[in-house]
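Here's the structure, in structure tokens; my notes come after.
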Amino acid sequence: AIHGAGELFGCASGCGAPLFNAIAADMADDVLEISIDSAKEIRNAFVEGFASSEYGRNLYPVPFDCDMSSLSDLAAEDELVANRITIDSNSTICSRTQAKLRLILLEESQKQHVHDTLLEMADTQFEAHESKLQKKGNKPSKASTEENYAGKQIEGFANWLNDREGDPFTAIVDGANVAYYGLGCINYHQIKLMVNSLEKMGETPLVVMPQKYAQKKFYLRQGYVQELPDSQMAILQELEDSGKLYIVPHRCLDDYYWMLSSVSKQTLSRKGANLDVSIDNEEGRFPGTRPILLTNDQMRDHKLELLEPRLFRRWVSSHIVNYHFPPFMNDAWEERDINFSPADFTSREIQGNPSNVNGNHDNGAMAWHFPVRDWDKNDRFCVRIPTI
């Protein structure tokens, strides 16, 4: 239990609100989210510790066999808050404390780490894949005789992004993922649908496609060869002619290419401009960081190698946009809607922000918001200890 409510106000940094702030800040460095039981334990500890205090007047214990209901009423300036709340998806403001939650992005040094790690991973993956193929009896490819072949290829892509002129790309499409979605084969009508939809939303898309699928005929899987009809070859050619397509070289992993694009500076095309989209933008675009990455790939194979878990979640939540549409079952084109699951508008990680109930940041009080496993995406466990 949290005992001694009277000691929590107007005291030294070794106790009270400053102590809880320090504990929560340490948790934010080490913990991604808390469990429902942990949220209840923290809540009930505050209830017991503040039982005789006016500050905890609206707190009641939550039985462990009951769910914690969400509360939206504005808390008084001198009220202890330890509640489940729902973040407003438009303003990112907590209704209980008026604290504004942030979208926490990778720092420049962390983006550079992603960039450099992907270059290293490209060579490692290529060598492992070549070795696997040769063990199966395949002849060594011409590329396998070139030192650092895959690394040089993806570095060429990075240089191309930085050196190209024109509008910077704000949406990168995982071409193979979209073309294959809901089907057992590749269909370029689905990529055309995605590109058209993104352009209508004010985005500038780039499709990243493995070379294997950027030709008339290819092995889709063992024992099955797919041949693209002329109508789909025309879509492929149109994408290439308009500069909306990048073909990943043979036997290089395309995942690394669209992942790398998220941390590219796009030097000449961006000219240092911030591409991110504000929540209150007048164009109605998805708010958040740019470029967005269009894929349903869960990237389970990459996350441990690329970044430690907290930073990986930060990268995924701010860039990845999932999608759904009825797949094209034949070669006929038809317009249809895509349902997008946009990237997070606020970071799903423990964070502290100034409480603002009184419009003057509540005398320095901090509101802490904890993501809780199995709660809704926009729900948090909120703690604010008054400083008055």
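Worth saying up front: this structure is predicted, and the values here are computed from it rather than measured. For the single chain, residues carry numbers from 1 onward in sequence order. Side-chain atoms are counted along with the backbone in the values below, which use heavy atoms only and exclude waters and symmetry mates.
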- R380 charged N/C atom sitting above W375 aromatic ring, 6.0 Å / 45°: no
- Query: Between W368 and F370, what is the ring plane arrangement, given parallel below 30°, perpendicular above 60°, and tilted in between?
  - Reply: tilted
- Query: Do L105 and R314 have side-chain heavy atoms sitting under 4.5 Å apart?
  - Reply: no
- Relative to each other, are the rings of F126 and Y149 parallel, tilted or perpendicular (30° and 60° limits)? tilted
- May I ask you to decide if the ring planes of H189 and F328 are parallel, tilted or perpendicular, using 30° and 60° as cut-offs? parallel
- Report yes or no: do N159 and E155 form a side-chain donor-acceptor pair below 3.5 Å? no
Which side-chain N or O atoms in residues 258-266 pair as donor and acceptor under 3.5 Å with protein atoms at least two apart or in another chain?
| unit_1 | atom_1 | unit_2 | atom_2 | d |
| --- | --- | --- | --- | --- |
| W258 | NE1 | D174 | OD1 | 3.4 |
| S261 | OG | W258 | O | 2.6 |
| S262 | OG | M259 | O | 2.7 |
| S262 | OG | W315 | NE1 | 2.8 |
| S264 | OG | Q266 | N | 3.1 |
| Q266 | OE1 | F169 | N | 2.9 |
| Q266 | NE2 | F169 | O | 3.0 |

- Message: Can you tell whether the side chains of D78 and R57 come within less than 4.0 Å, N to carboxylate O?
- Response: yes
Side-chain donor-acceptor contacts of residues 207-215 below 3.5 Å, not counting sequence neighbours, with atom names and distances?
| unit_1 | atom_1 | unit_2 | atom_2 | d |
| --- | --- | --- | --- | --- |
| Q211 | OE1 | H250 | N | 3.2 |
| K212 | NZ | Y219 | O | 3.0 |
| Q215 | NE2 | K212 | O | 3.0 |

- Message: Distance alone, cut at 3.5 Å: any donor-acceptor contact between the side chains of N353 and Q351?
- Response: yes
- Query: Is there side-chain contact between R348 and P371, with at least one heavy-atom pair below 4.5 Å?
  - Reply: yes
- Note on the structure: By side chain to side chain donor-acceptor pair (under 3.5 Å), S197 pairs with (sequence neighbours left out) none
- Query: Quick one: are R384 and V357 in side-chain contact, heavy atoms under 4.5 Å?
  - Reply: yes
- Compute the ring centroids of F157 and Y257, then answer whether they are less than 6.0 Å apart. yes
- Non-hydrogen side-chain atoms of Y256 and L119 separated by less than 4.5 Å: no
- Give a yes or no on whether F46 and F64 share a hydrophobic cluster (residues Ile, Leu, Val, Met, Phe, Trp, Tyr; joining criterion: side-chain heavy atoms under 4.5 Å apart). no
- Under a 4.5 Å cut-off applied to non-hydrogen side-chain atoms, are D376 and T86 in contact? no
